[in-house]
Amino acid sequence: MITVEEALALVLENSFPLEESEILPINQCLNRNLAKAVKAPIDLPSFRLSSMDGYALCLHQSNIYSIVDEIKAGDATNPSLKIGECVRIFTGAVVPDNADAVIMQEKTIRKQDTLTIETPVNKGQNIRLVGSQVKKEDFPLEKGQLLQASGLAFLKSLGIDEVEVVRLPKVTIIITGNELIPSSEKLTRGKIYESNSILLQSALIHQGIETQLISFTEDSLKATTTNLKKAFFNTDVVLVSGGISVGDYDFVKQALKELEVKEIFYKVRQRPGKPLFFGKKERVFVFALPGNPASTLSCFYVYVLPLLNRLKGGKSDGLIRLSIPIEHDFKSVEPRALFLKATVQNKTVRILDRQHSSMLVSFAMANALVYIPEQDILLKKGSMVETLLLPNSILN
Ligand code: AMP
Ligand code: MG
């Protein structure tokens, strides 16, 4: 059995950005990664502009200026100033070509058309120069850059309407288990409500990825093999839920073998999620995730997410990891590495109750996972623990 670190290294080693890309309008590019560096078609700003409400001055020795005009944001005028003259100007307006500086209005006294300035003014003050953010023909955003609201807005500010992004990975989900029924049915003896499909689907949507197919499979070798075989058609990643452990009715491992999926690893020294399988058949990746819902999601965040991120063109190694002081003592009775549902608040982290891999309730409240390496059994309040921020952590 391999360690968490070895397993993650194998995932990253095997990951690559998908080669295909598509050109999309900016408003469809949220959460997508650039397939190419973007070249700036213009200087930004494209004209010298005022960063203050105040007066644009043609400097001289005296602190008295005569006001000869007014320029507001959007105006195209370019009044010619003589030495000792100024114009009233507002934030975002074009600074006249022969003005040297802008003084903020709070530092001036105006009487009709005469302005007295109360502080010394340096040349260039409060003027944003052409290209001071980005120069024309430069490449401000690199290949692989994830586009968030800010990135999309930045591209718009350059007048760019469409960009080339890496195509999204196609993901197929297979849910195994005879005991699973949909919530629309009445619960009967031995059955449970199926929850891993919405779990995985939602976690994928959070990454901007729509699931292209979900299929449900009974616990038999034939059904599992048939469904898995179909799942390999036109996909990049197959996620299998359940049936990967060592029970007599766990058929996923055998089905993967029959379909000649190459095993990259099986079983990781961790809790939850020990019987995790990662493999590949030609260009299609397979994760078989242990079916206990908290194991499924923990494995998704720790191992599947980095793969998806790389496939869609990103560079990240997965969830952000921070060292954060723990709010309480902690004692583990488990030699395996642990991923524990936790909440980060007020710069400390608290491990939640009800950690069992069958329990989703703590996960539903968590915004982080605390990672306790193997054999790290006793932790004192205030000691630093490695904490993986979940994608919802900014809102929770
Ligand atoms: P397995 O990995 O198939 O051995 O399943 C482990 C445990 O997780 C069992 O108690 C299953 O009933 C439960 N489980 C498996 N798949 C799901 C699912 N899709 N939704 C909810 N619980 C599940
Ligand atoms: Mg099962």
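First listed ligand is number 1; within each ligand, the first listed atom is number 1.
The protein atom (non-hydrogen) at minimum distance from atom 15 (C) of ligand 1 is Gly291 O, 3.3 Å. In terms of protein heavy-atom proximity, atom 3 (O) of ligand 1 is nearest to Gly243 N, 2.9 Å. The single protein non-hydrogen atom nearest to atom 9 (C) of ligand 1 is Glu179 OE2, 4.0 Å, given as residue, atom name and distance. In terms of protein heavy atoms, atom 10 (O) of ligand 1 is closest to Asn292 OD1, 4.1 Å. Among all protein heavy atoms, the one lying closest to atom 21 (C) of ligand 1 is Ser195 OG, 3.4 Å. Distance from atom 22 (N) of ligand 1 to its nearest protein heavy atom, with residue and atom name: Ile192 CD1, 3.4 Å. Among all non-hydrogen protein atoms, the one lying nearest atom 4 (O) of ligand 1 is Asp250 OD1, 3.9 Å. Counting only heavy atoms of the protein, atom 17 (C) of ligand 1 lies nearest to Asn196 ND2, 3.4 Å.
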Going through the checks in order, is the side-chain contact (heavy atoms from CB on, under 4.5 Å) test met by Gln254 and Asp250?
CA-CA 8 Å; Gln254 211 179 326; Asp250 290 330; over 6 Å; no
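Tested against Glu22 for a salt bridge (charged side-chain N to carboxylate O under 4.0 Å, His left out), the candidates Arg32, Lys36, Arg167 yield a single pass: Arg32.
Placement of Val11 and Val268 within a single hydrophobic cluster is found when ILVMFWY residues are connected by side-chain heavy-atom separations under 4.5 Å, directly or transitively.
The structure places CD1 of Ile198 at 8.5 Å from OG of Ser183, a figure rounded to the nearest 0.5 Å.
Look at Ser358 and you'll find every heavy atom at least 4.0 Å from all atoms of ligand 1.
No salt bridge links Lys312 with Asp236; every basic N to acidic carboxylate O contact stays at or beyond 4.0 Å. A salt bridge does not link Asp53 to Arg88: none of the charged side-chain nitrogens sits closer than 4.0 Å to a carboxylate oxygen. Of the charged side-chain nitrogens involved, none lies within less than 4.0 Å of a carboxylate oxygen, so that Lys135 and Asp138 do not count as a salt-bridged pair.
Of the N or O atoms in Pro293, none lie within a sub-3.5 Å distance of an N or O in ligand 1. Backbone and side-chain nitrogen or oxygen atoms of Glu194 are examined, and one is located within less than 3.5 angstrom of a nitrogen or oxygen of ligand 1.
Under a 4.0 Å criterion applied to the non-hydrogen atoms of Ser241, ligand 1 contributes the atoms 16 (N), 19 (N). Shown in contact with Ile175 at under 4.0 Å from a heavy atom are these atoms of ligand 1, numbered in order with element: 19 (N).
Inspection of the Gln148 and Asn31 side chains reveals an N or O donor paired with an N or O acceptor under 3.5 Å.
Between Phe287 and Phe278, the ring planes lie parallel to each other; the angle is under 30°, not in the 30° to 60° tilted range.
By the criterion of a heavy-atom distance under 4.0 Å, the side chain of Leu180, and not its backbone, is placed next to ligand 1.
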